[in-house]
Amino acid sequence: MHLLTDRQGLPLGAVLSAGQRHESAFFVDLMDEVLVPQPRGRPRKRPEAIAGDRAYDADWIRQWCADKGIESAIPVRENMRDGPGRPPTCDDRRYRDRNTVERCVGHLKERRRLVMPIRG
């Protein structure tokens with residue numbers, strides 16, 4: 001299960017996939033599921049920023065976020081950068097909140113049953 005939560009740990013979107021597939025392959029599908037609640041009106045489809053682990057360290061993911069105006073806090077994988085230029089930076093303040101996803105997953109695992117709506 002690929003999960004996206006808000007800063008408080010409430011799920012905003014989820015995608016189910018086969019266990020052997022890499023999680024970055026489902027990044028766009030997961031982002032398409034996002035519904036950010038608003039105090040008034042309809043929910044937004046894009047968050048202001050995302051924080052992902054090193055598995056999401058890919059140039060195409062960073063470019064996708066930049067094209068959509070989403071700030072990304074994704075650390076660079078060790079020993080993976082060759083070529084010219086400076087490696088991308090990661091906002092440590094935003095990245096610190098990434099553990100809310102891990103806590104949400106732990107909370108969901110404690111439940112015996114999980115219901116997900118299927119959108120078609």
- Can you list the residues that meet the side chain to side chain donor-acceptor pair (under 3.5 Å) rule with S24, with sequence neighbours excluded? H22
- Note on the structure: CD1 (I50) and CD1 (I74) are apart, to the nearest 0.5 Å, by 4.5 Å
- Message: Could you go through D57 and R62, starting from their C-alpha distance and side-chain angles, then the distance that decides it, and tell me whether this counts as side chain to side chain contact (heavy atoms under 4.5 Å, CB included)?
- Response: CA-CA 8 Å; D57 177 29; R62 292 179 197 279; 2.8 Å; yes
- Candidate pair H2 and D29, rule side chain to side chain contact (heavy atoms under 4.5 Å, CB included), full reasoning: CA-CA 10 Å; H2 309 279; D29 294 335; over 6 Å; no
- Hey, what do you get for CD1 (I61) to OG (S72), rounding to the nearest 0.5 Å? 9.5 Å
- Item | Set of side chain to side chain donor-acceptor pair (under 3.5 Å) partners for R7, sequence neighbours left out | D97
- Note on the structure: Sorted by chain and residue number, the side-chain contact (heavy atoms from CB on, under 4.5 Å) partners of L3 (sequence neighbours excluded) come out as T5, P11, A14, C104, V105, L108
- Item | Within one Ile-Leu-Val-Met-Phe-Trp-Tyr cluster: L4 and L10, side-chain cutoff 4.5 Å | no
- Task: Tell me, yes or no, whether the heavy-atom count around Q38 atom CD, taken from other residues, nucleotides or ligands under 6.0 Å, exceeds 12.
- Result: yes
